[in-house]
Amino acid sequence: MDIKLPKGTKDILLAEAEAYEQVESALINVAKLFSYAAIRTPIFEHTELFTRSVGDSSDIVRKEMYTFTDKGDRSLSLRPEMTAGVIRSVVENKLDVTADLPLKLYYVGPAFRYERPQLGRFRQFHQFGVENIGITSPLSVAETISLGVTAFTVMGFKQVTVKLNSLGDSATRDAYRTALKAFYEPHLPSVCPDCQQRFQTNPLRMLDCKVPADQLLAKKAPNITNFLSKESQAYYAEVKHALKDLSVVFTEDPQLVRGLDYYADCVFEFHMVSDKGLDYGALGAGGQYNNLVKELGGQPLKSVGFAFGLERLMAVLSDSGRLDNVKPFTDIYIISMMPETDLYALKLSHNFRHTNFKTELNLEHKSMKASIKAALKKDAIYAVIIGDQEMKANQVTIKNLQTQEQQLVPVNEVVHLMQHLTNQPGHHHHEETDDHDDHGHKEK
RNA sequence: GCGAUCGUGGUGAAGUGGUUAACACACCUGACUGUGAAUCAGGCAUGCGUGGGUUCGAGCCCCAUCGGUCGCCCCA
């Protein structure tokens, strides 16, 4: 076969797919803890939605969107991020006027950007995020940030730091932009070519230039904190105060600017260092967007949200050895020894499955050695062996794969016995997926 | 979009123009005819990302192309 997957995409399969599911469900559980509800929006939207919200001067819209014209001559785009679609949906369904506020929504799903792929960066990637729409208190911003921190904690990471900044309102940013340009104007000839470009398009981005000389200069640049209005200052102070009370570790970074046009006031990033000491940069980021709902035709609602990049999250988890023993598990592995016993085995598997046992049925008729090895590879707890001796006697052999003990039991008692042996009718000992240090059921 | 680097089985990889593409792990089969280890014996890439070219001869050289990775840009 010579058709390969497209650049910047990947197949997620087997253990990795399992890991994605577990991480997603852990994140969703945290969102539910904070009383968030699910939302799913289309993968493509009218292009105009993104040019209006993300901003038609942003790089995302200018050069990273998958935009196409459909057969009805509509310009559509694969979503490059999730917030725009969520807010569009909220406004379109009038949730901004009918729902109790603040409206708290979480989402998980793929998004698309035409970018040069790198580690942890794909053209189709997955985001988990939350939107807290219609907030009235700065404490809600702190609450939302702490949701993000809690998500990291639940995944086993303690060393999360939050980078925090306030961009103020639009008047603040206009004044600041003017001051920044005035500051940079005389230095323009000595600054890097990218920054000369940024000076025209988005002067705020000059602050996080990576060129050392420009970084030194940026340190001397005017600080946005000094341009904040009284209200923004007070608001920002309350957010910080609440974060301290919640023991959220944060550092203020006046040079933190975000690339999406809709951000205002508080913006933040979640940073993590892996167990190996590697700095993965921002694993998640977000901020307030106070005009977006109105801009898209709804009520003027202050809002805050953030998104995590699942691929980056998975990279850190994997690098920290937290995905090593993530795999599907099986309670009972049924081995049918020969074609004549297959139907007998199939019926038994049916009974196990209907009593909530994860059951694998092996009809391959390989050697006993190979069959037992296959059962072990599936991480099964019990093997149920069915040969013609068992079938003739209406019995089965059950083997505890950990203790290697085995016994012959009557077939009509085996389900009941298995429930007794595994110590439950409810039988949910695998179901806790939020703790990635404990996937082995062997120590039970 | 720019710059750099890499591309050999399921995996890690040797190979720098000359017979059958090393080695290791994994996997399969058997010795062991119904039980997880060890050992031993076999098996497992008709092919070196793809397409051209140079050559008597190409995994190796050249060109193109696709893809990965890293840096820039940007971002989750």
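For the numbers below, each heavy atom of this structure counts, side chains included, while hydrogens, waters and symmetry mates do not. Chain letters run A, B, ... following the sequence lines, proteins first, then strands; residues in each count from 1.
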Say we look at B:G10 and B:C44: how far apart would their P atoms be, to the nearest angstrom?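 Approximately 14 Å lies between the P atom of B:G10 and that of B:C44.
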Using atom C1' in both nucleotides, what's the gap between B:U16 and B:U11 to the nearest angstrom?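 Going atom to atom, C1' in each nucleotide, I get 25 Å.
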Roughly, in whole Å, what's the span from [atom1] in [X] to [atom2] in [N]?
{"X": "A:Q389", "N": "B:U33", "atom1": "CD", "atom2": "P", "answer": "14 Å"}
{"X": "A:R198", "N": "B:C75", "atom1": "CZ", "atom2": "P", "answer": "10 Å"}
{"X": "A:K4", "N": "B:G7", "atom1": "NZ", "atom2": "P", "answer": "16 Å"}
{"X": "A:K377", "N": "B:A37", "atom1": "NZ", "atom2": "P", "answer": "12 Å"}

Nearest to the side chain of [X], heavy atoms from C-beta on, is which of [options]?
{"X": "A:R121", "options": "B:C75, B:U35, B:G3", "answer": "B:C75"}
{"X": "A:E390", "options": "B:U35, B:C72, B:G34", "answer": "B:G34"}
{"X": "A:K373", "options": "B:G36, B:C73, B:A76", "answer": "B:G36"}
{"X": "A:A370", "options": "B:U35, B:U29, B:C74", "answer": "B:U29"}
{"X": "A:D388", "options": "B:G34, B:G68, B:G36", "answer": "B:G34"}
{"X": "A:R113", "options": "B:C75, B:U35, B:C2", "answer": "B:C75"}

Mapping A:L310 and A:E405 to their closest nucleotides on RNA chain B, which lands nearer the 5' end?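 Nearest-nucleotide comparison on RNA chain B picks A:E405.
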With a 3.5 angstrom cut-off on both distances, give the Watson-Crick or G-U wobble partner of [N], or none if there isn't one.
{"N": "B:A64", "value": "B:U50"}
{"N": "B:C72", "value": "B:G1"}
{"N": "B:G42", "value": "B:C28"}

Near-parallel close stack of A:F308 and B:A76 base (under 5.5 Å, under 30°):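 Stack criterion not met.
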Heavy-atom distance under 4.5 Å between the side chains of A:V316 and A:L283, does that happen here?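 Touching, per the 4.5 Å side-chain cut-off.
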Is the NZ or CZ atom of A:K240 both under 6.0 Å from the centre of the six-membered ring of A:F250 and within 45° of that ring's axis?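 Here A:K240 fails the 6.0 Å and 45° test against A:F250.
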Please confirm whether the shortest side-chain N or O distance from A:R62 to OP1 or OP2 of B:C74 is below 4.0 Å.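 False: A:R62 side-chain N/O out of range (4.0 Å or more) of B:C74 OP1/OP2.
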Short side-chain N/O contact to B:U35 OP1/OP2 from A:Q404, under 4.0 Å: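 For A:Q404, the contact criterion (side-chain N or O under 4.0 Å from OP1 or OP2 of B:U35) is not met.
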Please check if the distance between the ring centroids of A:Y114 and A:Y66 is under 6.0 Å.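 Ring centroids of A:Y114 and A:Y66 are less than 6.0 Å from each other.
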Do the side chains of A:E45 and A:R88 get close enough for a salt bridge, i.e. N-O under 4.0 angstrom?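 Looking at A:R88 together with A:E45, the answer is yes, because their closest N to O distance falls below 4.0 Å.
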Hey, is A:E143 close enough to A:K104 for a salt bridge, meaning N to O under 4.0 Å?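 A salt bridge links A:E143 with A:K104.
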